[in-house]
Trainee: 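Below is the structure I would like to discuss, written out as structure tokens.
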Amino acid sequence: MIPGLKKDVEAAVQEACQRLWGVPPPRVVLETPPKVELGDLALPVAFELAKVLKRPPRKIAEELAPALVLPAVVARRTVEGGGYVNLFLDRPRALARMLGPSGPPPAVPGKTVVEHTNINPNKAAHIGHLRNAVLGDVLVHVFRRLGRKVEVQNYLDDTGVQVADVVVGILRAEELIDPHRASALAAEIRTYLDSFPHDPPGAETRGLGDACWDLYALVGRSYAQDQGLEDARRETLRAVEGAALGETLHGAEAEAAALAGKLAEAVVRCHLKTMERIGVGYDLLPRESDILALHFWSRAFERLKAAGATHLETHGKNAGCWVMRLEGAKEFEGMEDADKVLVRSNGTVTYTGKDVAYQLWKLGVLGIDFEYEPAPYVTPFGDPEFVSSEGDAPLYRTRKDPTGADPAVRGRFGGGTTVINVIDVRQSYPQKVVKEAVRRAGYPEAADRSVHFAYEMVALTPAAADAMGVPLTDEDRARPFVEMSGRRGLGVKADDLLDRLVEKAREQVMARSGGEPPEPGRAEAIAVGALRAYMTRFSRNKVIAFDFDEALAFEGDTGPYLQYASVRAANIFRKLEAQGLTGRLDEAEAASVADLDPALLDDGLWDVVRTCGRTQETLEKVAETLEVSLLVRHALAVGAAFHHLYHTHPILQAEDEATRRARRAALQVVAATLEEVLGVLGVPVPDRM
RNA sequence: GCGCCCGUAGCUCAGCCCGGAUAGAGCGUCAGACUCCGGAUCUGAAGGUCCCGCGUUCGAAUCGCGGCGGGCGCACCA
């Protein structure tokens, strides 16, 4: 809570241990006591020492406590419980320090590349993608808050089978089950593509994603009944890859490839719009087609071959494939067939293979680079429709050739000293393969700089699936949750959930304001707050069994609870000023807080300050563990402490000036903390609720 | 079969990394809250074999081993 305090305390413990017993102390952990009355910091070192010294921890603590040489902000120390040494801060002095200017964090050398979102550009985004994007985005904010330079990439698999599936749906609509509906969807999709990069007159951007969603589900069901369609998919895929590789295509092939390119490009715009709604942005859109075009794979392939990491299989089930052998590797122990195909027998590269090349590039060891251009999404006025994650540049995408590329940004992207891949836990195996490939290609040091940020999926409760009218089998119904499936059309679309949240927020506002509708943006802010808190409050290795009632909750441990706390805090300052009283403390008054009577900072008031003091360590812990939920829980703790204070420590009605000053000071710390933490969480705070 | 994850209050989850202070929240239920900074709030109550067993330890929700139940992986899909 006080910069440098932790270090001082650690040093004091070490010194005392040496002096008293001549032993080096075990690691010094600083905890926060469960209640204010028990102090501000707890040292459980006596428990550790008990093992070495073979004496009861309580006795050790009683000897240790008075022997510690501590900085002056520590007012007193006590021994609690079985042997905790608890420290109590000089409250006025500590509070004055917390009110002091904090300044920007010292810059950390290097660059962190965070890759997230990565939605297949063939249909609307669903709530699982929201979890990915929100987790990634909050992580980006946390890193930046800690002084790290961050680059955000959203990888586009624009040459994959999923895109080919929808292309097949458009071209062969007549052959699908329910041809009538399929044809209508195909026609609708074409109107979108025709007016790209703008929406057709009277249509909404998201309509394209929705139409693709439905058509994709139809295609998925049709494959099961019509083998011919599978051939069409294969041909489409080949055409798409051929186009990327610069082959000259003709007739139907050329048409399919052009359609696929346009479709992916247009659907990505839908995703960017959806993410923009919740405040998520990117710096670069790397495209798989460019990875193919620039032969990134060839380069990676050479390295792998030179290092003996891959070989051409001559017989067995993988005959004709280039394979990476994984048996014997510790991580892959016990696997029945631990070999991974990188190049198929028909010569095409697997997704894993391409990912290896992309990963090498992100880590800065591939040796070749993309060209870059602003993303092709522009407003009717010709301005970029999307900007970089920090809003200071246009959004860029990769490009294969220098023609039309922006020379000013050449070499700007990739080459991360740390690379974080936000990808759900189901892809742990391929992620491990990619990392192993990087290692074996001769870059063990680079492999260590690459991190798979794994999180559990968002699934649907059977009730949620029912609520959407999705037919479930009896088997599904007996499960605790069912996985979403684009192919089955089973899932909750991100925009649909957002719409419902906005609608509910609007109703709530009106219910509280005597029917007056909220001004533009307010209901949206509340909706985004609710969504972001919901998506981040669970541990990342916990499956979210999506439930509408929980996601739409505005009371209790929710985003609106946090927003309300922040709004209330700001309100008090506003009211103070409206009554001719002083609101926020200026620098001089903040300094004077150190001289307040400590009795004015009673436990009730101090509790919230103490909680706010944990912000920095929480941010550090999030960065270290990649556990974003810690930050939401911290925010909720601050909010709860504040709301409690609100009812017990009136400020406008404070009995005297000194009391009011003490409370204003505490309030100022809370307001600043909430603003900071909600900013990092990306939870917007409206002027009013 | 092998690997990873989950199992804590009626429900949804913290706490487990790093063993220690009466196991904490929210929702739901019940009972309350000032003519005074917004009731999206607050106060209180009821509610727990921390999945089971064995072990380690002065001490286990937390560490180890063995089970049980559930989920997810283990493609020339991504």
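Computed from a predicted model, the values in this text were never measured in an experiment. Order of the sequence lines fixes the chain letters, A, B, ..., with proteins taken first and strands second; residue numbering starts at 1 for each chain.
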Trainee: Under a plain distance cut-off of 3.5 Å, with no hydrogens placed, do Asp355(A) and Thr352(A) share a side-chain donor-acceptor pair?
Mentor: no

Trainee: Hey, which of these two, Asn571(A) or Arg540(A), hits RNA chain B nearer its 5' end, going by closest nucleotide?
Mentor: Arg540(A)

Trainee: Would Thr32(A) and Arg614(A) count as having a side-chain donor-acceptor pair, cut-off 3.5 Å?
Mentor: yes

Trainee: Of the nucleotides C42(B), C37(B), A78(B), which one has an atom closest to the side chain of Asp157(A)?
Mentor: A78(B)

Trainee: Provide, to the nearest angstrom, the distance between the OH atom belonging to Tyr646(A) and the C1' atom belonging to U41(B).
Mentor: 8 Å

Trainee: Quick one: Asp547(A) CG to C11(B) C1', roughly how many Å, whole number?
Mentor: 10 Å

Trainee: Whole angstrom is fine here: how far is it from CG in Asp549(A) over to C1' in G28(B)?
Mentor: 12 Å

Trainee: Which nucleotides of nucleotides 16-27 of chain B have their base under 4.0 Å from a protein heavy atom (B), which only their sugar-phosphate (S), and which neither (-), written as one string 5' to 3'?
Mentor: -BB-BBB--SSS

Trainee: How many whole angstroms separate atom OH of Tyr429(A) from atom C1' of C72(B)?
Mentor: 15 Å

Trainee: Distance between the C1' atoms of C5(B) and U22(B), in whole angstroms?
Mentor: 32 Å

Trainee: Can you establish whether the number of heavy atoms outside Arg221(A) located under 6.0 Å from its atom CZ is more than 12?
Mentor: no

Trainee: Contact class for Arg688(A) (heavy atom, under 4.0 Å): base, sugar-phosphate, or nothing?
Mentor: base

Trainee: At less than 4.0 Å, is any side-chain N or O atom of Ser539(A) found next to OP1 or OP2 of A14(B)? Yes or no.
Mentor: yes

Trainee: Mind checking His634(A) for me? I need base, sugar-phosphate or nothing, with any heavy atom below 4.0 Å counting as a touch.
Mentor: nothing

Trainee: Taking the same atom, C1', in U56(B) and in C4(B), what whole-Å distance lies between them?
Mentor: 26 Å

Trainee: Give Leu636(A) one of three labels, base, sugar-phosphate or nothing, depending on what nucleic acid heavy atoms sit under 4.0 Å from its own.
Mentor: nothing

Trainee: Distances under 3.5 Å only, N/O to N/O: pair up the protein atoms with those of nucleotides 43-45 of chain B.
Mentor:
{"unit_1": "U43(B)", "atom_1": "OP1", "unit_2": "His644(A)", "atom_2": "ND1", "d": "2.9"}

Trainee: Any base atoms under 4.0 Å from Gln563(A), or only sugar-phosphate, or nothing? Heavy atoms, all strands.
Mentor: nothing

Trainee: Please state whether the base of C76(B) and the side chain of Ser345(A) form at least one donor-acceptor pair under 3.5 Å?
Mentor: yes

Trainee: Nearest-Å distance, CZ (Arg477(A)) to C1' (G70(B))?
Mentor: 19 Å

Trainee: Taking all non-hydrogen atoms of both residues, which atom of Arg55(A) and which atom of Ala50(A) are closest, and how far apart?
Mentor: O-CB, 3.3 Å

Trainee: CZ of Arg287(A) to CG of Leu292(A): how many Å apart, nearest 0.5 Å?
Mentor: 11.5 Å

Trainee: Sort out the partner of U56(B) for me: Watson-Crick or G-U wobble, both distances under 3.5 Å, none otherwise.
Mentor: none

Trainee: Hey, does Val425(A) reach any base, or is it just sugar-phosphate, or nothing, if we go heavy atoms under 4.0 Å?
Mentor: nothing

Trainee: To the nearest Å, give me how far apart NZ (Lys354(A)) and C1' (C76(B)) are.
Mentor: 12 Å

Trainee: Is there a side-chain polar atom (N or O) of Asn541(A) under 4.0 Å from OP1 or OP2 of C6(B)?
Mentor: yes

Trainee: Quick one: sort the Tyr534(A) and Phe538(A) rings into parallel, tilted or perpendicular, breaks at 30° and 60°.
Mentor: perpendicular

Trainee: Please check if atom NZ in Lys6(A) has more than 12 non-hydrogen atoms from other residues, nucleotides or ligands closer than 6.0 Å.
Mentor: no

Trainee: I want to verify a distance call: between G15(B), C76(B), U41(B), whose nearest atom is closest to the Tyr564(A) side chain?
Mentor: U41(B)

Trainee: Does C18(B) pair with anything, Watson-Crick or G-U wobble, both distances under 3.5 Å, and if so, with which nucleotide?
Mentor: none

Trainee: When we call it a touch if two heavy atoms are under 4.0 Å apart, what does Ala319(A) touch: a base, just sugar-phosphate, or nothing?
Mentor: base

Trainee: Kindly point out which of C76(B), C37(B), U12(B) is positioned nearest to the side chain of Lys575(A)?
Mentor: C37(B)

Trainee: Considering only atom P, compute the distance from C17(B) to A75(B) and round it to an integer number of Å.
Mentor: 34 Å

Trainee: Indicate whether the side chain of Arg574(A) and that of Asn571(A) have a donor and an acceptor atom separated by less than 3.5 Å.
Mentor: yes

Trainee: Looking only at heavy atoms, which two atoms of Thr310(A) and Leu342(A) are closest? And how far apart?
Mentor: OG1-CD1, 4.1 Å

Trainee: Could you state the CZ-C1' distance from Arg233(A) to A78(B), rounded to the nearest angstrom?
Mentor: 11 Å

Trainee: When we call it a touch if two heavy atoms are under 4.0 Å apart, what does Val509(A) touch: a base, just sugar-phosphate, or nothing?
Mentor: base

Trainee: Is there a side-chain contact between Arg479(A) and the phosphate of C72(B), meaning an N or O under 4.0 Å from OP1 or OP2?
Mentor: yes

Trainee: Flag the pair Glu657(A) and Arg660(A) as a salt bridge only when some basic side-chain nitrogen lies within less than 4.0 angstrom of an acidic carboxylate oxygen.
Mentor: yes

Trainee: Name the atoms and distances for all side-chain donor-acceptor pairs under 3.5 Å in residues 451-467 of chain A, with sequence neighbours left out.
Mentor:
{"unit_1": "His452(A)", "atom_1": "NE2", "unit_2": "Ile423(A)", "atom_2": "O", "d": "2.8"}
{"unit_1": "Tyr455(A)", "atom_1": "OH", "unit_2": "Asn132(A)", "atom_2": "ND2", "d": "3.0"}
{"unit_1": "Thr461(A)", "atom_1": "OG1", "unit_2": "Ala464(A)", "atom_2": "N", "d": "3.0"}
{"unit_1": "Thr461(A)", "atom_1": "OG1", "unit_2": "Phe546(A)", "atom_2": "O", "d": "3.2"}
{"unit_1": "Asp466(A)", "atom_1": "OD1", "unit_2": "Arg477(A)", "atom_2": "NH1", "d": "3.2"}
{"unit_1": "Asp466(A)", "atom_1": "OD2", "unit_2": "Arg477(A)", "atom_2": "NH1", "d": "2.9"}

Trainee: Hey, could you give me the CZ/CG distance between Arg663(A) and Leu605(A), rounded to the nearest 0.5 Å?
Mentor: 7.0 Å

Trainee: Would you mind classifying the nucleic acid contact of Val567(A) as base, sugar-phosphate or nothing, using non-hydrogen atoms under 4.0 angstrom?
Mentor: base

Trainee: I want to confirm an ordering. Mapping Leu652(A) and Arg426(A) to their closest nucleotides on RNA chain B, which one lands closer to the 5' end?
Mentor: Leu652(A)

Trainee: Could you please name the partner base of U62(B), counting Watson-Crick and G-U wobble pairs only when both distances are under 3.5 Å?
Mentor: none

Trainee: Sticking with atom C1', work out how far U49(B) lies from U8(B), rounded to a whole angstrom.
Mentor: 12 Å

Trainee: I'd like the P distance from A25(B) over to A9(B), given in whole Å.
Mentor: 15 Å

Trainee: Under a 3.5 Å cut-off for both contacts, is C11(B) paired Watson-Crick or G-U wobble with anything, and if yes, with which nucleotide?
Mentor: G26(B)

Trainee: Between G19(B) and C63(B), how far is it from one P atom to the other, in whole Å?
Mentor: 9 Å

Trainee: Report the base-pairing partner of G73(B) (Watson-Crick or G-U wobble, both distances below 3.5 angstrom), or none.
Mentor: C2(B)

Trainee: Using a 6.0 Å cut-off, check whether atom CD of Gln579(A) has over 12 heavy atoms from anything other than its own residue.
Mentor: yes

Trainee: How many whole angstroms separate atom CZ of Arg568(A) from atom P of G38(B)?
Mentor: 8 Å

Trainee: Rounded to the nearest 0.5 Å, what separates atom CG in Leu681(A) from atom CZ in Arg532(A)?
Mentor: 8.0 Å

Trainee: Scan Pro430(A) against the nucleic acid and name what it touches under 4.0 Å (heavy atoms): base, sugar-phosphate only, or nothing.
Mentor: base

Trainee: Watson-Crick or G-U wobble partner for U35(B), using a 3.5 Å limit on both distances?
Mentor: none

Trainee: Which nucleotide in the set G71(B), G38(B), A75(B) lies at the smallest distance from any side-chain heavy atom of Pro480(A)?
Mentor: G71(B)

Trainee: Among the candidates A78(B), G38(B), G71(B), find the nucleotide nearest to the side-chain atoms of Phe481(A).
Mentor: G71(B)

Trainee: With rounding to whole Å, what would you report as the distance between C52(B) and A33(B) at their P atoms?
Mentor: 41 Å

Trainee: May I ask you to say what Phe538(A) touches in the nucleic acid, namely base, sugar-phosphate or nothing, with a heavy-atom cut-off under 4.0 Å?
Mentor: sugar-phosphate

